[in-house]
Undergrad: 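This is the structure I have questions about; it appears just below.
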2 protein chains.
Amino acid sequence: MTADKSSSGNRRYDPDRKERIIEATLEVIAVQGVSGTTHRRIAEAADVPLGSMTYHFASLDDLIEQAFLKLTQEIAHHFDDAFRKAQTVDEAREAVVEVICGWFAVTERKMTLILELYAYVARNPQTRHVMTGWMAKSRQALERHFSPDVAASLDAMIEGASIHNFMHPDGISREAARLIVAKLTA
Amino acid sequence: MTADKSSSGNRRYDPDRKERIIEATLEVIAVQGVSGTTHRRIAEAADVPLGSMTYHFASLDDLIEQAFLKLTQEIAHHFDDAFRKAQTVDEAREAVVEVICGWFAVTERKMTLILELYAYVARNPQTRHVMTGWMAKSRQALERHFSPDVAASLDAMIEGASIHNFMHPDGISREAARLIVAKLTA
DNA sequence: TTGCGCTATGTACGTTTGTACGCATAAATC
DNA sequence: GATTTATGCGTACAAACGTACATAGCGCAA
């Protein structure tokens, strides 16, 4: 219903196009997986012509990499926010519990995307910087409140518990998570 | 150089064929990812004709699922062995450390396959039983030595630490792992 | 208003894909 | 040894793929 979308064939000077394509790419990956992600499906999801794909991005892999980079940056930003808000160590501990049991368990879409990212990075080593950059930011956020070693262990636990909770719904309850975090940060 | 392979065109009564195709499938997934796994590539890797693919397996997805099932069963078997050997709680603790820092970190192939499996299951819910079955066996192995709650936390930590060590080589050292396990099992 | 130059796109091409199916061929029976 | 039966495979096909490229369309200078 916007002025831009209503007029047909009038697509020039659409400054958000590149961004929209990247978001559409994440949407397609979330539903179809990387293996089902094609130029045509992305173009349809973003409502842009097929020609825009090769015009804005060098290749499909280039586009996928940029999409994953955006995903990790958004997640890292929220992650950092959560720990920036915490004023005491106890609040930080509760934030960890929240991340394990709240966030990821709720949004199936995000977890699916993260798992697709892992698989993609595992087989495309040149994109490993996406992962290392993300991990560095997470670690940094945790180190606001915990020692490097403890931060590393919390980070790993968040990773594993999120995945397990995703695969097996009643995996780790909130009180169980609270106990685990208490042990690791004692 | 085997009698079977030397003779050309003589491929009848090859009872290991189906098994060999499944193994070849894992090999292709490890190198190319699920997105690059095709009937033709698997057939070449297994040294069987293309026609054998649709003859032995209903579809490509059917084959991939069977391959992943085999993967998890093998891993679960080794996992169970490691904890069956442990006689004391301390030996069991050390086994956990070994799993985190030894196994997976070493074999890049296996970790890649596991990550491909996660992504595949996330977007193919009908294959979730492969994951839940595997997790149940792991949990069972850990519960030989630890309480259910502790076993769950160890399982999650193994998961997360393995992934982090894979993505970031100098992630968690052996002594760091030892300390974490001690905390979780205290 | 007119013409120019750059941005954006419709379309076409050569490959590769999953899958179906008719036929060759080995095992079984007499 | 001849005939039947069922197992296994070579090949063909339509659909979908990534990408290249000629050209259409718009802003801007004059």
Side-chain angles (χ1 to χ4, degrees), chain A residues 3-25 27-29 31-68 116 120 123-124 126-127, chain B residues 3-22 24-29 31-68 116 120 123-124 126-127:
Chain A
D4 282 334
K5 293 199 73 177
S6 59
S7 61
S8 67
N10 181 11
R11 261 293 143 64
R12 293 311 187 81
Y13 286 122
D14 177 5
D16 298 337
R17 171 161 306 196
K18 204 168 170 181
E19 198 60 23
R20 193 146 34 88
I21 292 175
I22 291 178
E23 280 165 14
T25 303
E27 211 50 51
V28 173
I29 294 175
V31 176
Q32 310 271 359
V34 171
S35 78
T37 298
T38 68
H39 273 148
R40 284 169 176 81
R41 274 203 255 253
I42 297 168
E44 191 185 16
D47 192 26
V48 299
L50 177 61
S52 277
M53 297 291 114
T54 50
Y55 179 76
H56 289 288
F57 301 92
S59 71
L60 185 57
D61 273 315
D62 174 41
L63 173 54
I64 290 175
E65 181 174 334
Q66 289 195 41
F68 276 138
E116 289 285 340
Y120 189 80
R123 121 181 70 89
N124 296 85
Q126 77 278 6
T127 65
Chain B
D4 282 333
K5 293 198 73 176
S6 58
S7 61
S8 67
N10 180 12
R11 262 291 144 67
R12 293 312 189 81
Y13 285 118
D14 178 6
D16 298 337
R17 164 115 73 213
K18 205 169 170 181
E19 198 61 23
R20 193 145 35 88
I21 291 175
I22 291 178
T25 303
L26 287 177
E27 212 49 51
V28 173
I29 294 175
V31 176
Q32 311 270 359
V34 170
S35 77
T37 298
T38 67
H39 273 148
R40 285 168 177 81
R41 275 203 253 256
I42 297 168
E44 191 184 17
D47 192 27
V48 299
L50 177 61
S52 276
M53 297 291 113
T54 49
Y55 180 75
H56 288 290
F57 301 92
S59 70
L60 185 55
D61 273 315
D62 173 41
L63 173 52
I64 290 174
E65 180 174 336
Q66 288 194 43
F68 276 138
E116 288 286 340
Y120 189 81
R123 120 182 72 90
N124 295 85
Q126 76 278 6
T127 65

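Proteins get letters first, then strands, A, B, ... in listed order; numbering begins at 1 in each. All values derive from a computational prediction rather than experimental measurement.
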Undergrad: Hey, does B:L60 have a side-chain heavy atom less than 4.5 Å from the side chain of B:I42?
TA: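 Contact flag for B:I42/B:L60 side chains = yes.
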Undergrad: Using whole Å, report how far CD1 of A:I21 lies from C1' of C:dA8.
TA: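 Interatomic distance, CD1 of A:I21 to C1' of C:dA8: 11 Å.
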Undergrad: Please report, rounded to the nearest Å, how far the P atom of D:dA20 is from the CZ atom of A:F57.
TA: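 Interatomic distance, CZ of A:F57 to P of D:dA20: 16 Å.
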Undergrad: In the structure I gave you, are the side-chain heavy atoms of A:H39 and A:T54 within less than 4.5 Å of one another anywhere?
TA: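 Yes, side chains in contact.
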Undergrad: Please report the shortest heavy-atom distance between A:I29 and A:I64, naming the atom on each side.
TA: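 It is CD1-CG2, 4.3 Å.
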Undergrad: Nearest-Å distance, NE2 (A:H56) to P (D:dT19)?
TA: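 Those two atoms, NE2 and P, are 16 Å apart.
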Undergrad: What integer distance in Å separates B:I64:CD1 from C:dG18:C1'?
TA: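 That distance rounds to 12 Å.
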Undergrad: Write down the distance between CG (B:D47) and C1' (D:dG8), rounded to a whole number of angstrom.
TA: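 About 15 Å, once rounded to whole Å.
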Undergrad: For the pair made of CG in A:D61 and P in D:dG18, what is the distance, rounded to whole Å?
TA: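 Going from CG in A:D61 over to P in D:dG18 covers 10 Å.
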Undergrad: Using whole Å, report how far CE of A:M53 lies from P of D:dA16.
TA: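 To the nearest whole Å, that distance equals 18 Å.
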Undergrad: Among C:dA8, C:dC21, C:dT11, find the nucleotide with the atom closest to the side chain of A:R17.
TA: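 That would be C:dA8.
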Undergrad: Go through C:dT9, D:dT11, D:dC9 for me and flag the one nearest to the A:Y55 side chain.
TA: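 Among the listed nucleotides, the one closest to the side chain of A:Y55 is C:dT9.
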Undergrad: Provide the closest heavy-atom pair for A:M53 versus A:A43 in the form atom of the first, atom of the second, distance.
TA: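 Closest heavy-atom pair between A:M53 and A:A43: CE-CA, 3.9 Å.
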Undergrad: Return the CZ to CG distance between A:F68 and A:L63, rounded to the nearest 0.5 Å.
TA: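 Those atoms lie 10.5 Å apart.
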Undergrad: State whether A:F57 and A:K18 meet the cation-pi test: NZ (Lys) or CZ (Arg) under 6.0 Å from the six-membered ring centroid, and within 45° of the perpendicular axis.
TA: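 Because its charged atom sits under 6.0 Å from the ring centre and within 45° of the axis, A:K18 does stack over A:F57.
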Undergrad: Output the rounded distance in Å from CZ (A:R20) to C1' (C:dA8).
TA: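 It is 14 Å, rounded to the nearest whole Å.
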Undergrad: Quick check on contacts: within residues 33-41 of chain A, what sits under 4.0 Å from DNA chain C by heavy-atom distance?
TA: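 Going residue by residue through residues 33-41 of chain A, the ones with a heavy atom under 4.0 Å of DNA chain C turn out to be A:R40.
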Undergrad: Check the phosphate of D:dC9 against B:S52, side-chain N and O only, distance under 4.0 Å to OP1 or OP2. Yes or no?
TA: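 For D:dC9, OP1/OP2 do have a side-chain N/O of B:S52 under 4.0 Å.
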Undergrad: If you find the nucleotide of DNA chain C closest to A:L50 and the one closest to B:S59, which residue's nucleotide is nearer the 5' end?
TA: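 Of the two residues, A:L50 wins.
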